[in-house]
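The structure that follows is given in the form of structure tokens.
The first residue in the sequence is number 1, and the count goes up from there.
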Amino acid sequence: MRLCFLVEEHYRHDGMPNEVIRQLTSWGHRVDVVRPGGSLLRMGEVVRAGVHDAWVLKTVSGGPGLTLLEAAAATGTTTINDARSIRGVRDKALAAALGSAHGLPMPPTYAVARPELLAEVPDSEYPLVVKPADGSSGRAVHLVPSPDRLAELLPALAGEGMLIAQPYVPNPGTDIKVYCVDGDLFATERCSPLHPDPAVRERRVPLPAEVASIAARVGAVYGLDLYGVDVLLGPDGPVVVDVNDFPSFRQVPDAAARVARAVLALARAGGAARPPAGQGPAAGVPAAGASGPGMPAPGMPAPGMPAPGVPVTPGPGMPVAPVPGVSVPAQVVPGPSVPQQSVPGPSVAAYSALPLSIPAQVAAGAGDGA
């Protein structure tokens, strides 16, 4: 296949997507790399129909890559993710409206074009989290404890453009990041940007069925295939606080190979959706049994994970709690790099008997009938 990767200057030296590009090239595919932030672009030449099987973008807020991706989509070229879907999550005000309209558990969201308009948010909504509607990577996220503290924050918010404000969701100081890649969900725990703690390092954790179901629904609501979801375990249950297209996939086993396979499958399918579970890999993807650095066969488990359909015996003191609607092993023994430790917070009890990853299509049905 011939693919075009749009690499923003922010990610020029980043492992993701560069490792994916190297993986695809090693499999014999042709990958053209365009740096929209560092090149003079003659639009009629750089975007031409029929030249590439798909265009791929790992975007940054405010970067020019999305404009190019939308231009490619206008010619009928497959884009990964869908250009309209990226726009839908990059605008956090729009993302909140879409998510709430489709029943995702999201905090009430206020949007303002000028910081001083935040004074109209009801006092009952405080403490308040305020951030730019086009922000990313925790940039300019502020916790406003009370209305009388808002005025001192206004100068820092000037020039940030559209802002959103949401009631603070009480949490243990960490959030759950769920990554979706190649139809599978992986969960990690990391420090909340509002509670920075250098001692807290991102690590893989078991994936609660309720969070898995929400994360799978996020992909359907926004039309995303490669994405991440930030979830807080609040006192009333999980709450979605952010959605990212093409995240870093940190802590995902063999992330580069998994993302590369997903890109090939989506390019072959025209970007319609993730391939259904059980179907074979796309053309050009190494077949089952193929070997190579960082290249597990499609459908095979990651190191430290059980093979599909193979029962796993729980260790001492590790209860098996069946999850209705989720046909995955009820207990996974963590590998050497995954400490067997529960995440602090409201859902601690649910974590000890849940898998580290599950297929997204299975998770989507976990809450059916509830």
Those residues at least two apart in sequence (or on a different chain) that pass side-chain hydrogen bond (donor to acceptor under 3.5 Å, both in side chains) with T109 are Q166

| task | Could you check if a side-chain atom of V252 sits within less than 4.5 angstrom of a side-chain atom of V181, using non-hydrogen atoms only? | result | yes

The salt bridge (charged side-chain N to carboxylate O under 4.0 Å, His left out) partners of R84 (sequence neighbours excluded) come to D82

Could you pull out all residues at least two apart from S124 that satisfy side chain to side chain contact (heavy atoms under 4.5 Å, CB included)?
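Here the qualifying residues are P122.
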
Residues passing the side-chain hydrogen bond (donor to acceptor under 3.5 Å, both in side chains) test with R87, sequence neighbours excluded, are E70

query: In chain order, what residues pass the side-chain hydrogen bond (donor to acceptor under 3.5 Å, both in side chains) check against R12, with sequence neighbours excluded?
result: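 Testing R12 for side-chain hydrogen bond (donor to acceptor under 3.5 Å, both in side chains), a comparison that skips the adjacent residues, returns none.
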
- Side chain to side chain, V89 and Y227, heavy atoms closer than 4.5 Å: no

For R48, enumerate each residue passing the side-chain hydrogen bond (donor to acceptor under 3.5 Å, both in side chains) test, keeping only those at least two apart in sequence or located in another chain.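 R48: no side-chain hydrogen bond (donor to acceptor under 3.5 Å, both in side chains) contacts found.
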
Query raised in the report: Quick one: salt bridge (Lys or Arg N to Asp or Glu O under 4.0 Å) pairs with a partner in residues 168-179, sequence neighbours left out?
Result: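 Output for this query lists D175-R190, K177-D230.
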
Are the side chain of D91 and the backbone of L94 linked by a donor-acceptor contact shorter than 3.5 Å?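 It does hold such a pair.
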
Classify the side-chain pair E202/T188 by whether it contains a donor and acceptor separated by less than 3.5 Å.
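Per modelled atom types, E202 and T188 side chains form a pair under 3.5 Å.
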
For L150, the other hydrophobic cluster members (4.5 Å side-chain criterion, sorted by chain and number) are Y110, V112, L117, L118, V121, Y126, L128, V130, V144, L153, L154, L157, L163

Original post:
Is there side-chain contact between F5 and V31, with heavy atoms separated by less than 4.5 Å?
Top reply: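 In contact.
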
Applying salt bridge (charged side-chain N to carboxylate O under 4.0 Å, His left out) to K58 and not counting sequence neighbours gives none

Residues at least two apart in sequence or cross-chain that pass ring pair (Phe, Tyr, Trp, His ring centres under 6.0 Å) with Y179, listed by chain then number, are F249

- Item | Heavy-atom side-chain proximity of V231 to V241 below 4.5 angstrom | no

Members sharing I86's hydrophobic cluster, built from side-chain contacts under 4.5 Å between Ile, Leu, Val, Met, Phe, Trp and Tyr, are L6, V34, L41, M43, V46, V47, W55, L57, L66, L68, L69

- Indicate yes or no for a side-chain donor-acceptor contact from R217 to the backbone of G103 under 3.5 Å, with no hydrogens or angles considered.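 Yes, R217 side chain to G103 backbone: donor-acceptor pair under 3.5 Å.
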
If I take atom CZ from residue R203 and atom CD from residue Q251, how far apart are they, to the nearest 0.5 angstrom?
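Nearest 0.5 Å value for the CZ-CD distance: 10.0 Å.
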
* Asked: Can you check whether F186 reaches R250 side chain to side chain, under 4.5 Å on heavy atoms?
  ->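 Side-chain contact under 4.5 Å: no.
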
**Study point:** Exam field: side chain H29 to backbone T25, donor-acceptor pair closer than 3.5 Å
**Key:** no

Pairs involving residues 153-174, ordered by first then second residue, that meet salt bridge (Lys or Arg N to Asp or Glu O under 4.0 Å) (sequence neighbours left out):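 The answer is R139-E160.
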
